Amino acid sequence: MTIDEDKISDISPFEKFDSANKIVIDKSDKIILPGLIDTHVHLSQWRIRGSYKSDLLEWLATYTFPEEERFFNLEYARIVTKEFFSNLIAAGTTTATIYVTVSQKATNIAFEQASKLNYRALIGKVCMDRNCPPALLEKTDTSFEQSVELCQQWDNVANLNYVFTPRFAPVCSSALMSKIGNYAQAHNKYIQTHLSENRNEVALVKELFPQASSYTDVYRQCQILGSKTIMGHAIHLTDNEINMLIETDTKLAHCPDSNLFLKSGRFLYKKLVDKGLIVGLGSDVAGGTCLDMFYHMKMANYTQTDGSVGVHEAFYLATLGGAATLSKADEIGSITAGKKADFLVVNLDNRDGVEEMLSELIFVKGKEAIEEVYCGGEKLK
Ligand code: GUN
Ligand code: FE
């Protein structure tokens, strides 16, 4: 592999490699893999991993919202942000799609840290203008305006994108979601949110939005659906809703560990992928318990008892599948000439074949196999 600035410029067999005028680093006894992609993760929940409740809404009220309030303390936000990014890097994640909190300043700190590290990330300020604790509650206009400010400040700066982040329909008014949806569609910006994760959540949305035919329809009416929208979870969907997602080319972040931890339900992987939906993998920390995407590949395998997620599919979900989910498949997700030099140097015992190596990574070694991490040609670990 030849790297020129931040990109892979050539892939050629070792014997044919022309080393003239190049700095040569010999890793021929190691395995090179594309950097891993986490399509759904909450920075502000790093410190509450493993805080357990068997229901999403109870978990949010008990652990998550109180922790997110702590991010108004910017010293605390800085400490956790540093910790979070160093752990992402240690896990071999070279692109992450991140929810911060409602705090504009804490979101700015996340961007500053990612920028300082030259890290590749999509980052968003969480928006909530109803049904949440008073300390986190925002005014509709302020929530939207602060998001636009952050977008103007950071979107497409270095390796960064802004992602509009209305948390989920139960905590957002139609007015807020429509402002975000209209702006994002008009300016071709990313949006991320949660969809149909938990049965009590689905019932609550039905009660809060009686004019909509379904949870997905709430988002459709507010212009939230689209090819640059990433929906977390998407578990309890009707065929009608699946069709809406297909028609709008909305992308899905599958979060299997979180779905098991919070007892949310089972993602219909085969059905959704067979229908043509594009799916990536999300750790969903702290609904998920860790940042290790190899572990989440294992969970993607374990949750599909029909065997539809084998080791190749699982690996795809956190590499090229993740890149497609983020509309970045021409830029990242594989070791290909012309793409960004985001890659891992990995040490494996088993060299029998690709299937066997992937199995060792996914089922046994996980992130412990990672020795070095490069993002845009720069060594981060
Ligand atoms: N739905 C709304 N907010 C959240 C969150 O923080 N985590 C998860 N897993 N689901 C959510
Ligand atoms: Fe989430």
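Scope of the values below: all heavy atoms of this structure, side chains included, with no hydrogens, waters or symmetry mates. What you are looking at is a predicted structure, and each value in this text was computed from that prediction instead of being measured. Order of appearance sets the numbers: ligands from 1, and atoms from 1 within every ligand.
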(message) I'd like to check whether Thr64 has a polar contact with ligand 1, where a contact means an N/O of the residue lying under 3.5 Å from an N/O of the ligand.
(response) no
(message) Does atom NZ (Lys22) have a neighbourhood of more than 12 heavy atoms from anything else shown, all under 6.0 Å?
(response) yes
(message) Within the 4.0 Å heavy-atom shell around Asp284, which atoms of ligand 1 are there?
(response) 8 (C), 9 (N)
Distance-only donor-acceptor hits, side chain of residues 30-37, under 3.5 Å, sequence neighbours excluded:
residue, atom, partner, partner atom, Å
Lys30, NZ, Glu371, OE1, 3.1

(request) Enumerate the atoms of ligand 1 whose separation from the nearest heavy atom of Glu197 is less than 4.0 angstrom. (result) 1 (N), 8 (C), 9 (N), 10 (N), 11 (C)
(message) Listing request: all salt bridge (Lys or Arg N to Asp or Glu O under 4.0 Å) pairs with a residue in residues 142-162, at least two apart in sequence or in separate chains.
(response) Asp155-Lys189
(message) Please list the nearest protein heavy atom to atom 3 (N) of ligand 1 with its residue and the distance rounded to 0.1 Å.
(response) Arg167 NE, 2.8 Å
(request) Look at atom 4 (C) of ligand 1 and find which of His40, Met128, His194 reaches it with the closest heavy atom. (result) His194
(request) Examine distances only and state if a side-chain atom of Arg266 and a backbone atom of Thr303 form a donor-acceptor pair shorter than 3.5 Å. (result) yes
(request) Scan side-chain atoms only and decide if Ser283 and Asp38 contain a donor-acceptor pair under the 3.5 Å cut-off. (result) yes
(request) Starting from Phe17, walk the hydrophobic network (Ile, Leu, Val, Met, Phe, Trp, Tyr; side-chain heavy atoms closer than 4.5 Å) and list everyone else you reach, by chain and number. (result) Val24
(message) Using a plain distance cutoff, I'd like to know if Glu68 has any nitrogen or oxygen under 3.5 Å from a nitrogen or oxygen of ligand 1.
(response) no
(message) Between Tyr99 and His194, is the ring-ring contact (aromatic ring centres under 6.0 Å, His included) condition met? List the steps.
(response) CA-CA 11 Å; Tyr99 291 65; His194 298 82; 4.9 Å; yes
(request) Using a 4.0 Å heavy-atom threshold (strictly under), name the region of Leu60 that reaches ligand 1: side chain, backbone, both or neither. (result) side chain
(message) Restricting to under 2.8 Å, identify the protein N, O or S atoms around the Fe ion (ligand 2) as residue plus atom.
(response) His40 NE2, His42 NE2, His194 NE2, Asp284 OD1
(message) My understanding is that only one of Arg78, Arg49, Arg47 makes a salt bridge (Lys or Arg N to Asp or Glu O under 4.0 Å) with Glu83; could you say which?
(response) Arg47
(message) Side chains of His296 and Asp284: any donor to acceptor distance under 3.5 Å?
(response) no
(message) Is a donor from one side chain sitting under 3.5 angstrom from an acceptor on the other, for Trp154 and Asn161?
(response) no
(request) Could you see which bit of Trp59 sits under 4.0 Å from ligand 1, with heavy atoms only: side chain, backbone, both or neither? (result) side chain
(message) Please determine whether any non-hydrogen atom of His233 lies less than 4.0 Å from an atom of ligand 1.
(response) yes
(request) Say whether Tyr99 and ligand 1 are in contact under the criterion: heavy-atom distance to a ligand atom below 4.0 Å. (result) no
(request) Locate the shortest heavy-atom distance separating Gly226 from Thr250; write the atom from each residue and the value. (result) N-OG1, 3.1 Å
